[in-house]
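No hydrogens, no waters, no symmetry mates; every other heavy atom, side chains included, goes into these values. Just so it is clear: chains get the letters A, B, ... in the order the sequence lines come, proteins before strands, and each one is counted from 1.
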2 protein chains.
Amino acid sequence: MDQRKRITLKDLAAKAEVHYSTVSRVMNPATRHLVADDVAERILRMADDLGFRPNRIAAGLRTRRSGLVGVVLPDISNPVFAPILAGLEGVLASQGYVPIVVNVGADKARQRFIIDQMMGRQVDGLILATAEREDPVLDYCVRQSIPVVMVNRGEDLGRVPCVVSDNTVGMRLAVDHLVTLGHRRIGHIAGPDSLSTGHQRKQGFISAVRRHKLRKGEWLIVEAANYGREAGREACRALLGQSPGLTAIAAGNDLLALGCYDHFREEGIACPGGISVVGHNDMPFVDALTPALTTVRIAVHEMGARAAILLLARIADAGAEVASVVLCPQLIVRGSTAPPAD
Amino acid sequence: MDQRKRITLKDLAAKAEVHYSTVSRVMNPATRHLVADDVAERILRMADDLGFRPNRIAAGLRTRRSGLVGVVLPDISNPVFAPILAGLEGVLASQGYVPIVVNVGADKARQRFIIDQMMGRQVDGLILATAEREDPVLDYCVRQSIPVVMVNRGEDLGRVPCVVSDNTVGMRLAVDHLVTLGHRRIGHIAGPDSLSTGHQRKQGFISAVRRHKLRKGEWLIVEAANYGREAGREACRALLGQSPGLTAIAAGNDLLALGCYDHFREEGIACPGGISVVGHNDMPFVDALTPALTTVRIAVHEMGARAAILLLARIADAGAEVASVVLCPQLIVRGSTAPPAD
DNA sequence: CTGAAAGCGCTTACAG
DNA sequence: CTGAAAGCGCTTACAG
């Protein structure tokens, strides 16, 4: 009923008339030199002919390395995560690792359950895209002392390496751009303050408007319920309800900006004619919106790649210094921002 | 340097003063009833206290089940695949399986290499989103007789179960809609003919226009180089170059439709005023485009879920009938289609 | 109901 | 350079 009986080290050794430990040495490039060249060559050829694929599960049991990395995602339908995953996967694969990815949502109990499962599967390390600024799951990982790195979102304590975009700079780019266009009344739709991205971007917004000496009342912040489009629409309504005179909005991410578009459409507000919007992330296809979204591009793919590199380093040497990586974002000016009407 | 020495069956058995086979029976719900209730309870409590997580790699070596499913993706940056992956992952997780996902691109040699790696990792089955109508990699999988199911794209021979959307119906919905609006000169931008989606949608288009008795010359097909946005732009240029009188385009997918938008923008063509467009897939956020894209919604999430269910059935019983699943698509009318100008 | 034993397919000191 | 042996952490017939 099932796959043709898989051939093993021993089968191959029998055919080659050598001890199976010799075959083992040949199959592993690192130990191949221990075997006479002619023998190695012969065995390699036979392995190829027979389609011998060493059982990595068995090897992993012996070496205590699974070659598996657990990737914990909060929301795979958010387009930011696809390129991050692609970046991760690329470098992991190049080193013979493979990601096991689980989409867990925001529930901490479930995250912990999943991480337990992953540890049961002997993952060599964990990449978390789910971290909150204070995160019990992260505490748990630290206690277990399993190699972990965070991606996109960090924690406040900095116990664990993380790879993030420079959110302060990102918001400053956004605000500088708006101010340069002539805006003085600017709103910010913040992401959840429990997430480092939400918090840092908000702080970045505040320090940027202060730098430009905007007075209290000229700027305003509303925190969205989450990073989704619908939450953005609601926050936009609240923001403009509180301060109808705003001429520009810096959104905490592109989905929130999309929610602003939705609100504008409902209310017949022109963009950028009536109000300007800047997003954050430059997620796929926001250039195809009308107006094309001005946004802060973060290096998502690179973020994934760097996180994988950091994790691999940590797997190789758990004592390595906790170094984090902060990637520089870039302002992408498109059609959703213009000088204010008045 | 590394994680606190992981505790094993034997450690736990020593503490509980029973044989470790007893502990094994307790840890597995299916064999728990073989052990006296009070003993089981005591062991369970101790396991919990000590944070014992059975080593699934070791168990897998013994049982010859890894609980791993390989997922082979052609292009993770295409937004269709995120919901498919989410659907897959959801049902796999509910059954104690976990996906290992690799983004391989279209290269068949690399696909085969990756599949070899996955088989070396003892995956219990494979989900391929990379299938072509004639696919050497699929031949290889069949020869290895490893459980496989295809998702989104099928093969011509139908040797392997697959879960796809009904592409013929999808194109008919699109064409019927356009004809109902009054269009008689309709172009189709086809995806690659080597892919079942490209081929079937093209055939669906042809039979739909014939049903409506459009004459030769009233309809036209151009095949895009791939399913990407840029290829769509080029194909749109070619299509309108060959037949400037077209009043509507049925695109092979949303990305191709997006490419049409790009071309229209370049050339100052109004949509839907000058020309109407229908997409396919209803990928995330095409409702936020201007005009919002009329498209054929395919049940992506469900597609993933069904594929996982099929695979699990096949893993349980390799002799099971090869049943495929064809999901019914749905037309979503939005702003990119309108009656022709003349 | 519980224990003792074999074995899954590898890796890697240890000899020679 | 090659072999013989132990052992990674489990599961599961087989006894009792």
Side-chain angles (χ1 to χ4, degrees), chain A residues 2-3 5-44 47 50-68 96 117 119-124, chain B residues 2-3 5-44 47 50-68 96 117 119-124:
Chain A
D2 36 21
Q3 43 246 75
K5 185 174 171 311
R6 308 190 58 114
I7 114 151
T8 70
L9 266 189
K10 278 186 183 160
D11 300 333
L12 191 53
K15 299 236 192 233
E17 296 179 306
V18 294
H19 188 103
Y20 66 91
S21 58
T22 301
V23 179
S24 170
R25 290 187 186 101
V26 171
M27 294 314 296
N28 180 207
T31 51
R32 184 132 67 220
H33 68 276
L34 295 171
V35 176
D37 286 356
D38 56 328
V39 180
E41 211 167 299
R42 186 164 54 91
I43 293 178
L44 243 19
L50 299 177
F52 171 55
R53 278 179 300 263
N55 181 332
R56 286 213 49 177
I57 291 238
L61 181 59
R62 193 45 237 246
T63 60
R64 297 149 162 298
R65 306 216 139 209
S66 63
L68 258 25
Q117 286 226 336
M119 290 178 61
R121 287 176 187 282
Q122 315 306 114
V123 293
D124 293 333
Chain B
D2 34 21
Q3 43 244 72
K5 184 173 171 315
R6 307 190 58 115
I7 113 151
T8 71
L9 267 190
K10 279 186 182 160
D11 299 335
L12 191 52
K15 298 237 193 232
E17 298 180 304
V18 294
H19 193 258
Y20 67 90
S21 59
T22 301
V23 178
S24 171
R25 290 186 186 102
V26 171
M27 295 313 296
N28 180 209
T31 49
R32 185 131 67 219
H33 68 277
L34 296 171
V35 176
D37 285 356
D38 56 328
V39 180
E41 211 166 299
R42 186 163 55 91
I43 292 178
L44 243 19
L50 298 177
F52 170 55
R53 279 179 299 263
N55 182 332
R56 287 215 47 178
I57 291 238
L61 180 59
R62 192 45 237 246
T63 59
R64 298 147 163 299
R65 307 217 138 207
S66 63
L68 258 26
Q117 286 226 337
M119 290 177 60
R121 287 177 186 281
Q122 315 305 114
V123 291
D124 293 332

When rounded to the nearest 0.5 Å, the distance separating CD1 of B/I57 from CG of A/L68 is 6.5 Å
Separation of [X] atom [atom1] from [N] atom [atom2], in whole Å?
X: A/N28; N: C/dT12; atom1: CG; atom2: C1'; answer: 11 Å
X: A/I43; N: D/dC1; atom1: CD1; atom2: P; answer: 13 Å
X: A/L12; N: D/dG3; atom1: CG; atom2: P; answer: 13 Å
X: B/D11; N: D/dG9; atom1: CG; atom2: C1'; answer: 10 Å
X: B/L34; N: C/dT2; atom1: CG; atom2: P; answer: 10 Å
X: A/R53; N: C/dG9; atom1: CZ; atom2: P; answer: 14 Å
X: B/E17; N: C/dT2; atom1: CD; atom2: P; answer: 14 Å

Would you say the side chain of [Y] lies within less than 4.5 Å of the side chain of [X], judging by non-hydrogen atoms?
X: A/I7; Y: A/R53; value: no
X: A/V35; Y: A/T22; value: yes
X: B/R56; Y: A/Q117; value: no

Selection from [options] that lies nearest to any side-chain heavy atom of [X]:
X: B/T22; options: D/dA4, C/dG3, D/dG9; result: C/dG3
X: A/T8; options: C/dC10, C/dC1, D/dC10; result: C/dC10
X: B/L9; options: C/dC1, D/dC14, D/dT11; result: D/dT11
X: A/A58; options: C/dT11, C/dG9, D/dC10; result: C/dG9

Just to confirm, is there a sub-4.0 Å distance from OP1 or OP2 of [N] to any side-chain nitrogen or oxygen of [X]?
X: B/T63; N: D/dT11; answer: no
X: B/R64; N: C/dG9; answer: yes
X: A/H19; N: D/dT2; answer: no

Toward the 5' end of DNA chain D, which comes first, A/V35 or A/Y20, by nearest nucleotide?
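Per heavy-atom nearest nucleotide, the more 5' residue is A/V35.
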Between B/T31 and B/I57, name the one whose nearest nucleotide on DNA chain D is closer to the 5' end.
B/I57
Using side chain to side chain contact (heavy atoms under 4.5 Å, CB included) as the criterion, point out the one residue from A/T31, A/I43, A/V39 that pairs with A/R25.
A/T31
Report the residue (B/S21 or A/M27) whose heavy-atom-nearest nucleotide on DNA chain C is the more 5′ of the two.
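Whichever sits nearer the 5' end wins; that is B/S21.
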Quick check: on DNA chain C, is the nucleotide nearest A/R62 upstream (toward 5') of the one nearest B/R62, or the reverse? Name the residue that is more 5'.
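That would be B/R62.
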Could you let me know what D/dT2 is paired to, Watson-Crick or G-U wobble, both distances under 3.5 Å, or none if it's on its own?
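Its partner is C/dA15.
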